[in-house]
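Quantities reported herein were computed from a predicted structural model and do not represent experimental measurements. Ligands are counted one by one from 1 in listed order, and the atoms in each one are counted from 1 as well.
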Amino acid sequence: MRTPLVVGNWKMHGRLAEARELASGVRDGLKRPRGVEVALCPPFTALPAVAEVLTGSPIGWGAQNCHWEDTGAFTGEIGPGMLAELGCRFVILGHSERRHLFRETDDDIARKVAAALRHGLQPLLCVGETAEERRQGLTFTVVEGQLRAGWAGLRADEIARSVLAYEPVWAIGTGVNATPAQAAEVHGYLRGLVSELASKETAQSLRILYGGSVKPDNAAALTQQPDIDGALVGGASLQAQGFITIAKKSASRGGSSKE
Ligand code: PEP
């Protein structure tokens with residue numbers, strides 16, 4: 001039984017006034033979301049303002065990154081305890097922009113995942129292949145490697161408190177989404193791995209989101225696939241109305257959790 005989850009990744013967008021307006025728009029448009037959980041991940045600087053707007057609403061919030069240490073001489077970094085203190089429910093880790101633009105390694109990501117869990121945050125681990133890797137037939141090899149490395153050393157109960165996102169790099173911010181069949185194939189493969197790495201029960205309950213050019217007009221076709229449990233939304237999460245539509249289209253049919 002998995003309630004779909006739709007997460008807005010605002011990336012480096014959202015000065016305070018814009019962040020308040022966008023979060024208020026989402027809150028007001030999703031007063032009682034049925035069959036879907038929703039969260040917003042603004043930049044660090046907007047987290048307190050967004051938290052203030054969303055407090056008392058069913059919409060959660062989270063961050064886009066964190067460091068693996070709690071505190072220390074790490075100029076410019078933010079520790080997971082600092083995020084927990086702001087009421088964050090989630091932290092996105094291993095996003096391809098962090099992997100490719102900021103050279104984050106699988107080892108860095110694994111340390112961040114473990115640190116997030118220690119602070120009661122749900123790590124939303126992103127995995128996905130580049131266009132070249134897909135062309136070479138390496139999609140499963142790449143996502144498996146990223147998943148095994150990102151969850152290295154975790155106990156089954158820690159894996160059960162996690163969220164996964166399949167984000168093909170070639171689909172992020174390009175307007176070219178994976179087809180529902182392409183995404184479903186990888187999601188099914190990932191779910192099989194979760195079963196191996198944790199348990200069959202965890203594989204049935206763990207949410208695997210799809211991310212990569214999700215828009216209001218393709219959200220239903222993607223998120224109604226049996227193994228796709230919601231969406232990680234970048235560009236389209238910057239417009240309240242569009243994001244609300246994506247959330248509603250991602251809800252389980254009948255407003256109840258899907259198997
Ligand atoms: C993302 O950055 O996680 C993402 C999926 O971006 P977009 O929706 O813009 O492709």
Side-chain angles (χ1 to χ4, degrees), residues 4-14 18-19 22 26 36-44 46-47 50 60-66 88-104 109 112-113 116 121-131 133-134 139 142-143 146-147 150 162-180 182-184 186-187 190 207-223 225 228-250:
L5 169 66
V6 173
V7 177
N9 172 15
W10 291 3
K11 310 196 187 195
M12 199 172 73
H13 298 286
E18 293 163 335
L22 183 50
V26 173
V36 64
E37 186 182 346
V38 178
L40 303 179
C41 295
F44 290 128
L47 271 170
V50 167
W61 57 92
Q64 301 169 19
N65 185 26
C66 71
C88 287
R89 203 180 291 170
F90 301 98
V91 57
I92 300 171
L93 294 171
H95 190 282
S96 67
E97 286 154 14
R98 304 265 354 141
R99 291 177 189 268
H100 298 131
L101 300 175
F102 300 100
R103 303 272 180 270
E104 279 190 14
I109 294 160
K112 292 177 180 207
V113 167
L121 300 165
Q122 293 184 49
L124 202 171
L125 174 66
C126 303
V127 299
E129 81 289 1
T130 63
E133 288 162 343
R134 176 165 278 265
T139 297
V142 169
V143 297
Q146 291 172 337
L147 179 59
S162 305
V163 182
L164 254 184
Y166 169 53
E167 294 213 313
V169 180
W170 48 271
I172 297 180
T174 59
V176 181
N177 58 284
T179 65
Q182 284 173 321
V186 180
H187 280 239
L190 289 170
R207 291 181 292 195
I208 308 179
L209 315 187
Y210 166 77
S213 296
V214 176
K215 306 281 180 231
D217 61 358
N218 63 19
L222 286 158
T223 59
Q225 295 290 317
I228 301 184
D229 311 311
L232 180 53
V233 186
S237 69
L238 297 174
Q239 299 291 333
Q241 212 42 58
F243 182 69
I244 291 164
T245 303
I246 291 171
K248 288 184 173 166
K249 289 193 171 180
S250 302

Exercise. Can you list the steps and then say if Val127 with Glu167 is a side chain to side chain contact (heavy atoms under 4.5 Å, CB included)?
Worked result: CA-CA 6 Å; Val127 299; Glu167 294 213 313; over 6 Å; no

Item checked: From CA spacing to verdict: side chain to side chain contact (heavy atoms under 4.5 Å, CB included), Val169, His100 -> CA-CA 10 Å; Val169 180; His100 298 131; 3.7 Å; yes

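For the 3.5 Å distance criterion, the side chains of Asn65 and Lys112 qualify, holding a donor opposite an acceptor. Tyr166 and Glu129 are linked by a side-chain donor-acceptor pair at a separation below 3.5 angstrom, with hydrogens and angles left out of the test.
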For ligand 1, find each of its N or O atoms that sits under 3.5 Å from a protein N or O atom, and tabulate the pairs with distances to one decimal place.
from: ligand 1; atom 1: 2 (O); to: Asn9; atom 2: ND2; distance (Å): 3.4
from: ligand 1; atom 1: 2 (O); to: Lys11; atom 2: NZ; distance (Å): 2.6
from: ligand 1; atom 1: 2 (O); to: His95; atom 2: NE2; distance (Å): 2.8
from: ligand 1; atom 1: 3 (O); to: His95; atom 2: NE2; distance (Å): 2.9
from: ligand 1; atom 1: 3 (O); to: Glu167; atom 2: OE1; distance (Å): 3.1
from: ligand 1; atom 1: 3 (O); to: Glu167; atom 2: OE2; distance (Å): 2.8
from: ligand 1; atom 1: 6 (O); to: Lys11; atom 2: NZ; distance (Å): 3.4
from: ligand 1; atom 1: 8 (O); to: Gly234; atom 2: N; distance (Å): 2.8
from: ligand 1; atom 1: 9 (O); to: Gly235; atom 2: N; distance (Å): 2.8
from: ligand 1; atom 1: 10 (O); to: Gly173; atom 2: N; distance (Å): 2.7
from: ligand 1; atom 1: 10 (O); to: Ser213; atom 2: N; distance (Å): 2.8

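Considering only residues two or more places apart in sequence or on other chains, Pro43 meets the side chain to side chain contact (heavy atoms under 4.5 Å, CB included) condition with Trp10, Thr45, Ala46, Gln64.
Taking CG of Leu121 as the start and OG of Ser162 as the end, the distance is 11.0 Å to the nearest 0.5 Å.
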